[in-house]
Each structure stands twice: as structure tokens, then as C-alpha cells.
Amino acid sequence: SQKIEQNSEALNIQEGKTATLTCNYTNYSPAYLQWYRQDPGRGPVFLLLIRENEKEKRKERLKVTFDTTLKQSLFHITASQPADSATYLCALDARRNTPLVFGKGTRLSVIA
Amino acid sequence: ETGVTQSPTHLIKTRGQQVTLRCSSQSGHNTVSWYQQALGQGPQFIFQYYREEENGRGNFPPRFSGLQFPNYSSELNVNALELDDSALYLCASSFPGTSNYGYTFGSGTRLTVV
């Protein structure tokens, strides 16, 4: 069966360190993989998208990698800040006009 | 540009009742997707509408139905509410071919069924 697994429910990290979140999938062939941030009681906010033929994407302190052989994406936040504390969701997009499928998310806490 | 607006923000209903949730999509977006998010879980896909036609449906029973209007706003209707329907209902809009920008989500409607 198809699965998306974000392998940590919660991750605590010291301010200033790099946070690394993992997203693994099975039985999918995603065209795109997306990462979202969700704060309590709010809708997810789009952060980054990476295509199947891209290895890495960066945006300010954020970096995403995509390994279609390992079926894994890594999401990095460098120089983490308490304001980065939130739940981070990965989502797969198989093709245009097919729905995004989400993982359960990882709750990140950055401790000052 | 406006974002996605959902109404109401909170709702309490009794088991067996019916509910209608509303969503105004972001300007220029012609695709609307609805998700159900239980506490501590990721969003689960309910269905998607593209230019007023249903364009995909997740594993939800027929008592979950929807509509998309010519202005691309949308409704989610749930009949015969059950306690397990208590969740955050999220609406997201998008425009095919601009996947660089992902989905734009509303803040959701928190539905409590008692």
C-alpha cells in the first residue's frame, strides 16, 4: 500500500542548530514533493517544492533534498530560531491535477 | 491579492445533523481541494474540484459532498454527522501548471460533533 512517513512525531533542537526532518514514501512515483509549515489551529503554509529531477532546493535558511532512489526527502532549517517551532508536513504530488497526499507531520520545537 | 477564506471558523453540531462549510479561493485559482485533519494527523484528502467538476475523491463516504461555483468558491456538505467527523476542515486553492507555488490553504473550520 502507499505510505508517506515522517519518521519523527516530535523533534526538539537547540536554537542556532540545524534541524533535519525526514520524509520517506513507498509505492509512490511523485512528480513533486512539497513541504508545508502548520501552526496550531491554522492551515498549512507552503514553503518549498522540489521536482523529481531536482536533487536540492534552497530558500533562505531552508534546504530540501529529494532522492527518488531512496524514496526520501530531507528538510533542513539552518540557524534555527524559536519562531521556527511548528509542525512541518511533507506532501507528494503525483501528477498535475491529482491531489496532494500529506504525511502526518513532525512537530519541531526550537529551544532558546 | 486575497488568500483563501473559510467560514465559519468554528462550529458545533449534534450527531445526525447536516453541515455546510464554505470556501472562497484565492484570486486566479480555479482548483479547490478539501481536506479533513484530525488532531495530531496530517490532512486527509476528501475531494477536489476543477472548473466546477469533481476531479478526484479520497476515501470518504457519499455523505461528504461538494460544489464549486462559477467564481471558483466552494462548499463542503456533510450529512448525517458522526462523532468521528469532528476535525479541522481545510480548503486549499491552486492553479494547475503553477506547482511552483503549492497550494494556498485557508485557516480551516473547526467542526465539533457532539
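Residue numbering restarts at 1 for every chain, and letters A, B, ... go by the order of the sequence lines.
Contact annotation for Y103(B): both backbone and side-chain heavy atoms come within less than 4.5 Å of a heavy atom of chain A. Proximity to chain B is absent for every atom of Q6(A), based on heavy atoms less than 4.5 angstrom apart. Of the two parts of Q6(B), neither the backbone nor the side chain holds a non-hydrogen atom closer than 4.5 Å to a non-hydrogen atom of chain A. F47(B) does not touch chain A: none of its heavy atoms, backbone or side chain, sits under 4.5 Å away. If you measure heavy-atom distances from L100(A) to chain B, the contacts under 4.5 Å come from both the backbone and the side chain.
Around CG of N59(B), the count of heavy atoms belonging to other residues, nucleotides or ligands within 6.0 Å does not exceed 12.
Contact check for I4(A) versus Y28(A): side-chain heavy atoms found under the 4.5 Å cut-off.
Salt-bridge check for R61(A) with D84(A): passed, with a basic side-chain N closer than 4.0 Å to an acidic carboxylate O.
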Validation: residues 12-25 of chain A side-chain donor-acceptor distances under 3.5 Å, sequence neighbours left out:
| unit_1 | atom_1 | unit_2 | atom_2 | d |
| --- | --- | --- | --- | --- |
| T20(A) | OG1 | H76(A) | ND1 | 3.0 |
| N24(A) | OD1 | Q72(A) | NE2 | 2.9 |

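The choice from T9(B), T104(B), L90(B) that makes the most heavy-atom pairs within less than 4.5 Å of chain A is L90(B).
Side chain to side chain, Q37(B) and Q38(A) meet the donor-acceptor criterion of an N or O pair below 3.5 Å.
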